[in-house]
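Numbering of ligands and ligand atoms starts at 1, following listing order.
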Amino acid sequence: MAKQEDDFKKVISHAKEYGYVFQSSEIYDGLSAVYDYAQNGAELKKNIREYWWKAMVNLNENIVGIDAAIFMHPTTWKASGHVDAFNDPLIDNKDSKKRYRADVLIEDYVAKIEAKIEKEVAKASKRFGDTFDKKQFLATNQRVVEYQEKADAILKRMGKSLENEDLADVKSLIEELDIACPMSGSKNWTDVKQFNLMFGTKLGASAESAMDLYLRPETAQGIFVNFLNVQKTGRMKIPFGIAQTGKAFRNEIVARQFIFRMREFEQMEMQFFIRPGTQKEWYEKWKENRLKWHLSLGMGEENYRFHDHEKLAHYADAAADIEFRFPFGFKELEGIHSRTDFDLSQHEKFSGKKLQYFDPELKESYVPYVVETSIGLDRMFLAVFSNSLQEEELENNTTRTVLKLPAVLAPTKAAVLPLVKKDGLPDVAHKIIEDLKWDFNVIYDEKDAVGRRYRRQDAAGTPFCITVDHQSLEDQTVTIRHRDTMEQHRVAISEVKSIIHKEVDMRSWLQRMG
Ligand code: GAP
């Protein structure tokens, strides 16, 4: 646990030191769970967004993208169920006065049991070596089976209590498991209460005419209310999808873990409209498709897993998370939800407008069903960033810190470095930049010895360093250094663009999805 915390602290401080993420309003001591993306962070975030948009919108003929407003008519949130049901169960510790999400306390308890299982697996794998069969071990090892049964039983009971709004039982569960306040160790808990997560604001100049609004807690509703507009103007035929990226806001009770749980964050969502009765098939397809998107980035298959929901949101008939191994353990990265016709039917009811589709094949009208994919851009950023940050032992007994971002996402693709600041080398370097900047984000760096510059770019996540030296003046060649292998090759200046292009081209990365 201490190592995990330590690793996570390193991620946070590296993100600040290398211009990725800053605490919001830092000069005023910050604002809790609100963050700003700095010069490198903004680029990385933009590249992730683009990678998603390309895969979801541009590469699918039947998916289009929109950009709906953050402010929506307040009835939207009545219809969607968020006014009545977008709650988190919270519990206070009477001694430390700290507030927690009751379900998160229980999930953290379960995560500790899961960590024990992983420890047993690691021990056994070491003991049995190549002959180790993990599946068999998980199914037959007495201790592991007991741990798993205990974890499953806890989650099942919590899911049931939350579904039945039996908050007294959630509290009993916390007490039975002997869960203590992580800050103070006290077990002196209040009752569990529901807490609505939406932020309210007002629209209008005078107090009398002002209208109460909410900041949207998900981008999805902007898609639902535009369903017919898009279907008609885009002449879309079911099955089809509408995607969008944008800010969402939640008054999270427990805002912690850096950009994992924020009060202002960005979502990338897609609602896929389908014939009623086909939802199971599409739900499975989108689960598979989204996992492939993640795997295309090469961050290790072992770092992902599906988690099927016991407790379903008020709109879903099936739901699963794609979980990622963050520095603090496996946690939700993306949700895939079979939302039935809940949202469109509710908007029909509350608006009095028909939101139906005439299916020319079936020759009938219906309210489409929806399968949704929803990923937090900031969470994806954290997954990519934390997974990429590595300390490497080098052959000469030194270490280097390297941010091995997938090259397609790296904020800066290449740094161009004149070996010295004189003899016309900076001019050659600037000329290379003039040419490359139309295709890639590149930077110029002339400060410090070249070895230090390499280290700086390694830590910033730049996949290539291009060094201009005296030989460059004679034969129009440079050295190109690869961040991950540290290998250097001498190449013609005219080849540099195509070498970089080959490694960062979105097409070849996304083609890995198959
Ligand atoms: N439209 C469905 C929806 O909003 P969700 O599971 O509540 O579902 C989807 O959120 C995704 O949004 C999550 O998987 C997560 O990546 C991201 N997300 C949710 N709350 C967040 C928060 N407070 N901070 C950062 N990301 C968040």
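Side-chain atoms of N196 come within 3.5 Å of backbone N or O of H82 as a donor-acceptor pair.
Close contacts between ligand 1 and F260 involve ligand atoms 24 (N), 25 (C), 26 (N) [criterion: under 4.0 Å to a heavy atom]. For ligand 1, the atoms sitting less than 4.0 Å from at least one non-hydrogen atom of E372 are 1 (N), 2 (C), numbered in the order shown with element in parentheses. Listed by number with element, the atoms of ligand 1 under 4.0 Å from a non-hydrogen atom of G335 are 14 (O).
Within the 4.5 Å cutoff, side-chain heavy atoms of S386 are placed close to those of P327.
Remark: R379 does not engage E266 in a salt bridge, criterion side-chain N to carboxylate O under 4.0 Å. With salt bridges taken as basic N to acidic carboxylate O contacts below 4.0 Å, none links K9 and E5.
F258 has its ring centre less than 6.0 Å from the ring centre of Y35.
Cation-pi geometry between R305 and F330 is met: under 6.0 angstrom from the ring centre, within 45 degrees of the axis. Cation-pi geometry between R49 and W53 is not met at under 6.0 angstrom from the ring centre and within 45 degrees of the axis.
When heavy-atom distances to ligand 1 are checked against a 4.0 Å cut-off, R339 comes that close only through its side chain, counted from C-beta outward. When non-hydrogen atoms are compared, ligand 1 lies under 4.0 Å from the backbone of L333 (N, CA, C, O) but not from its side chain. Contact annotation for E269 and ligand 1: only side-chain heavy atoms (C-beta onward) come within less than 4.0 Å of the ligand. Both the backbone and the side chain of R261 come within 4.0 Å of ligand 1, counting heavy atoms alone. Counting heavy atoms under 4.0 Å from ligand 1, residue E334 touches it through the backbone alone.
If you check which protein heavy atom lies closest to atom 17 (C) of ligand 1, you get G376 CA, 3.6 Å. Looking from atom 9 (C) of ligand 1 to the surrounding protein, the closest heavy atom is S374 OG, 2.9 Å. The nearest heavy-atom contact from the protein to atom 14 (O) of ligand 1 is E332 OE2, 2.5 Å.
Side chains of T401 and E391: a donor-acceptor N/O pair is present below 3.5 angstrom, by distance only. Side chains of D317 and T340: no donor on one and acceptor on the other come within 3.5 Å.
Among H309, M262, Q267, R379, the residue whose heavy atom lies closest to atom 24 (N) of ligand 1 is M262. Here atom 5 (P) of ligand 1 lies nearest to R250 when heavy atoms of E218, K331, R250 are compared. With atom 26 (N) of ligand 1 as the reference point, the heavy atom nearest to it among Y35, F265, F249 is part of F265.
Residue H337 places a heavy atom under 4.0 Å from ligand 1.
Distance CD/Q39 to CG/N441: 11.0 Å, rounded to 0.5 Å.
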